[in-house]
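Below, each value reflects all heavy atoms present in this structure, side chains not excepted, and no hydrogens, waters or symmetry copies.
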Amino acid sequence: MKTRVLLQRALTHWRAGSRISIPEIIWFLILLALMAGLDYLMPGELPQHMVWLVPPFAATLSILILIPEAALAQPIPVVAGSTLGAALGTMAAMMGHGPIYAVLIAGLTLLVLSVLRIYHPPGVALSMYPLLLHPGAFFSILVVFPFMLMAVTSAAVLSRHIKSWPSYPRPLEVVVSKSTGCSVEE
């Protein structure tokens with residue numbers, strides 16, 4: 001499906017005023033537990049209470065909940081795109097910090113993720129995080145990678161065990177054919 005159609009469907013669902021379902025509550029509780037677990041994983045200079053301030057994590061979770069069928073919500077872009085983005089930002093942070101570096105690395109990350117076909121928008125934001133907040137040298141490996149892995153794993157588990165949960169992940173053939181322009185499923 002095209003991203004526009006997926007977004008329209010999510011907006012229609014939201015406008016309909018539908019109640020929160022049990023699967024959405026379960027997903028929310030799992031994600032809160034994941035965020036709480038970051039307290040033990042967060043390295044670096046940030047005070048412990050700032051671990052909750054990783055906005056790209058919330059963006060990733062929103063994508064997984066609202067548009068799980070989209071190519072950018074599939075496991076490879078989510079895990080690899082976010083981890084690579086954070087790693088690029090961490091490497092750049094070894095050379096300097098500040099908004100100028102953050103903007104430059106965001107542009108580079110956008111280019112790299114697009115070329116590698118693992119584009120995940122929060123991955124671009126995660127590349128800026130180390131340059132602005134100094135989370136430490138192992139941020140991408142100790143924080144981003146496990147969080148993203150747990151997020152996609154929980155989405156996959158919920159989609160297998162709760163009938164009302166959208167199917168996740170999509171078959172790889174469909175994702176690849178959609179991104180290359182070859183039509184296998186329309």
Side-chain angles (χ1 to χ4, degrees), residues 6 10 20 23-94 97 102 105-106 108-110 112-114 116-162 165-170 172 175:
L6 294 170
I20 296 175
E24 290 168 336
I25 293 170
I26 292 169
W27 176 242
F28 180 73
L29 292 175
I30 288 171
L31 299 177
L32 280 179
L34 287 172
M35 297 288 277
L38 289 176
D39 277 337
Y40 297 105
L41 296 174
M42 190 67 154
E45 306 164 17
L46 286 177
Q48 222 35 24
H49 67 278
M50 287 189 67
V51 72
W52 297 91
L53 301 175
V54 184
F57 288 174
T60 295
L61 300 177
S62 299
I63 288 169
L64 289 174
I65 290 170
L66 294 175
I67 51 173
E69 302 92 3
L72 58 88
Q74 299 312 301
I76 292 173
V78 170
V79 176
S82 295
T83 304
L84 180 59
L88 290 171
T90 300
M91 288 187 291
M94 292 177 188
H97 292 91
I105 200 64
L108 176 67
T109 302
L110 176 63
V112 169
L113 296 182
S114 297
L116 294 176
R117 294 184 165 230
I118 55 171
Y119 178 67
H120 184 64
V124 175
L126 280 165
S127 71
M128 299 171 72
Y129 195 85
L131 293 157
L132 299 173
L133 296 173
H134 322 291
F138 297 103
F139 173 67
S140 61
I141 296 168
L142 295 178
V143 178
V144 176
F145 179 73
F147 181 85
M148 295 302 166
L149 197 59
M150 290 301 296
V152 297
T153 301
S154 13
V157 167
L158 287 172
S159 84
R160 302 281 186 290
H161 296 292
I162 299 175
W165 196 263
S167 178
Y168 182 84
R170 287 177 45 198
L172 189 56
V175 175

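- T109 and S127 make their closest contact through OG1-CB, 3.2 Å (heavy atoms, listed as atom of the first residue, atom of the second, distance).
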Could you give the side-chain donor-acceptor pairs of residues 58-67 under 3.5 Å, partners two or more places apart or in another chain?
from	atom 1	to	atom 2	distance (Å)
T60	OG1	P56	O	3.1
T60	OG1	H120	NE2	3.0
S62	OG	A58	O	2.9

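- Rounding to the nearest 0.5 Å gives a distance of 4.5 Å between NE2 of H134 and NE2 of H97.
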Check residues 136-151 and write down every donor-acceptor pair under 3.5 Å in which the side-chain atom is one partner and the other belongs to a residue at least two apart or another chain.
none

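- Y168 pairs in a side-chain contact (heavy atoms from CB on, under 4.5 Å) with only one of the listed residues (V157, V152, L158), which is V152.
- Between the OH atom in Y119 and the CG atom in L110 there is a gap of 5.5 Å [rounded to 0.5 Å].
- Closest of all the heavy-atom pairs between A106 and V124 is O-CG1, 3.7 Å.
- Side-chain contact between L126 and F57 is present, with at least one heavy-atom pair separated by less than 4.5 Å.
- Under the side-chain contact (heavy atoms from CB on, under 4.5 Å) criterion, S167 pairs with no residue at all, not counting sequence neighbours.
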Chi angles and distances behind the side chain to side chain contact (heavy atoms under 4.5 Å, CB included) call for I118, V112
CA-CA 9 Å; I118 55 171; V112 169; over 6 Å; no
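- In this view, P169 and Q74, P75, A156, R160 satisfy the side-chain contact (heavy atoms from CB on, under 4.5 Å) rule, not counting sequence neighbours.
- The side-chain hydrogen bond (donor to acceptor under 3.5 Å, both in side chains) analysis of residues 141-150, with sequence neighbours excluded, yields no pairs.
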